[in-house]
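Here is the structure we will look at, set down as structure tokens.
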Amino acid sequence: MAAENRLRTYRGRRDFERTREPAADGRERASEGPEPSAGQDAGSGGGRPRFVVQIHDARRMHFDFRLQVADVLKSWSVPRGPSADPGDKRLAVPTEDHPLAYEDFEGVIPKGEYGGGTVIVWDRGTYEPLSHDRQGRPVDFAESLKRGHATFRLHGTKLHGEYALTRFRGRDGEDHWLLVRKGAAHRAGHGSPDPRRARSVRTGRTLAQVAAGGAR
């Protein structure tokens, strides 16, 4: 399925005359504010697929976790954010696919628009697909997500190491996922950041600073 079809829901929910979110994969409208300083990004990663984690101060504060799969960003809303502690299981609610250009988006979505609120790029980088079948043979990452269990290693500025996404059926009858850091549980590990104190990996700004800039 072409990205044009996969992005139909994304585009149908947004008025691009009002929001600065990218309509497609042109990056010219994907951000507000200064460019990142040297050393603030994880680099290109030699052609590996990309990931991004954005903090979104919308009706409810949450983290958006996005993995590049082919020509779109597969996306999940993670209310408590990804954790570096393997003892933490984070609920991840699937949302619509986003264009690849959304990795760069940081700014204020206008009130009244879908997801109205402030967004910062908390982390980004590349990832390695690690999914295998029972015989140890590699499984295509899109196929592993379709089957309901995908493992991958993140190479971000803040997030590193092996993670897994596992699908389950919620009490509401809808499909949800768990995002878990792989490895032995240890409560000394770092959990999720305080979203209001967290800073953008792109610009070093907080949510409050981005909101103030977007209000001008």
Side-chain angles (χ1 to χ4, degrees), residues 3 6-7 10 21-22 25 27 30-31 36 39-56 62-86 88-107 115 119-132 138-167 176-183 189-193 195 198-204:
R6 286 194 288 264
L7 294 174
Y10 169 85
E21 296 166 280
D25 275 332
R27 294 178 181 257
S31 63
Q40 283 186 303
D41 204 343
S44 63
R48 293 179 185 145
R50 304 286 299 175
F51 85 92
V52 64
V53 181
Q54 286 152 315
I55 300 178
H56 190 175
H62 64 278
F63 292 69
D64 289 311
F65 184 78
R66 311 190 197 280
L67 296 171
Q68 179 186 352
V69 180
D71 48 6
V72 297
L73 292 172
K74 304 296 290 185
S75 300
W76 293 262
S77 173
V78 184
R80 297 179 62 191
S83 175
D85 187 337
D88 294 333
K89 293 180 172 64
R90 295 300 197 224
L91 176 68
V93 181
T95 63
E96 75 274 17
D97 293 347
H98 283 54
L100 298 180
Y102 212 93
E103 177 192 336
D104 294 327
F105 178 72
E106 182 168 290
V119 177
I120 64 171
V121 179
W122 179 71
D123 195 20
R124 65 180 179 179
T126 64
Y127 76 93
E128 294 178 67
L130 299 176
S131 298
H132 291 77
V139 175
D140 176 75
F141 196 73
E143 179 63 23
S144 67
L145 287 173
K146 184 177 179 181
R147 295 180 184 182
H149 182 74
T151 57
F152 47 94
R153 182 175 292 111
L154 297 180
H155 299 276
T157 300
K158 300 172 182 177
L159 294 175
H160 308 274
E162 189 174 339
Y163 283 77
L165 277 164
T166 304
R167 187 172 58 218
H176 299 299
W177 296 72
L178 288 177
L179 175 64
V180 180
R181 173 75 153 83
K182 301 280 281 184
H190 298 289
S192 301
R199 291 186 176 272
S200 165
V201 75
R202 289 192 67 249
T203 63

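The analysis underlying the following values was restricted to heavy atoms, covering all of them including side chains, and did not include hydrogens, waters or symmetry mates.
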So, [X] side chain and [Y] main chain: donor-acceptor pair closer than 3.5 Å or not?
X	Y	result
Arg90	Gly81	yes
His56	Asp64	no
Asp123	Thr157	yes

Set of residues satisfying side-chain hydrogen bond (donor to acceptor under 3.5 Å, both in side chains) with respect to [X], sequence neighbours excluded:
X	answer
His132	none
Ser144	Ser131
Gln54	Arg66
His160	none

Could you list the residues that satisfy salt bridge (Lys or Arg N to Asp or Glu O under 4.0 Å) with Lys158, not counting sequence neighbours? none

List in chain and number order the residues that pass salt bridge (Lys or Arg N to Asp or Glu O under 4.0 Å) with Arg147, two or more places apart in sequence or in another chain; answer none if no residue qualifies. Glu143

What residues form a side-chain contact (heavy atoms from CB on, under 4.5 Å) with [X], not counting sequence neighbours?
X	result
Arg199	Thr206, Gln209
Arg167	Asp175, Trp177
Ala142	Val69, Asp140

Tell me, do Phe105 and Val52 make a side-chain contact under 4.5 Å, heavy atoms counted? no

What I'd like to find out is whether the side chain of Val121 reaches to under 4.5 Å of the side chain of Glu103, using heavy atoms alone. no

Between [atom1] on residue [X] and [atom2] on residue [Y], distance to nearest 0.5 Å:
X	Y	atom1	atom2	answer
Leu179	Phe63	CG	CZ	11.5 Å
Gln68	Leu100	CD	CG	5.0 Å
Ser75	Phe65	OG	CZ	10.0 Å
Trp76	Thr95	CH2	OG1	8.5 Å
Arg202	Glu106	CZ	CD	5.5 Å
Leu145	Thr166	CG	OG1	10.5 Å

Go through Phe51 and Phe152 one step at a time and tell me if the side-chain contact (heavy atoms from CB on, under 4.5 Å) criterion holds. CA-CA 11 Å; Phe51 85 92; Phe152 47 94; over 6 Å; no

Can you name the closest pair of heavy atoms from [X] and [Y] and give their distance?
X	Y	value
Val180	Pro86	CG1-O, 3.9 Å
Ala198	Ile120	O-CD1, 3.8 Å
Ala164	Lys182	CB-CD, 3.8 Å
Asp85	Ser83	N-OG, 3.0 Å
Tyr10	Asp97	CB-O, 3.3 Å
Leu73	Pro99	CD1-O, 3.3 Å

May I ask you to check whether Tyr163 and Tyr127 place their ring centres under 6.0 Å from each other? no

Could you go through Thr151 and Glu162, starting from their C-alpha distance and side-chain angles, then the distance that decides it, and tell me whether this counts as side-chain contact (heavy atoms from CB on, under 4.5 Å)? CA-CA 7 Å; Thr151 57; Glu162 189 174 339; 4.3 Å; yes

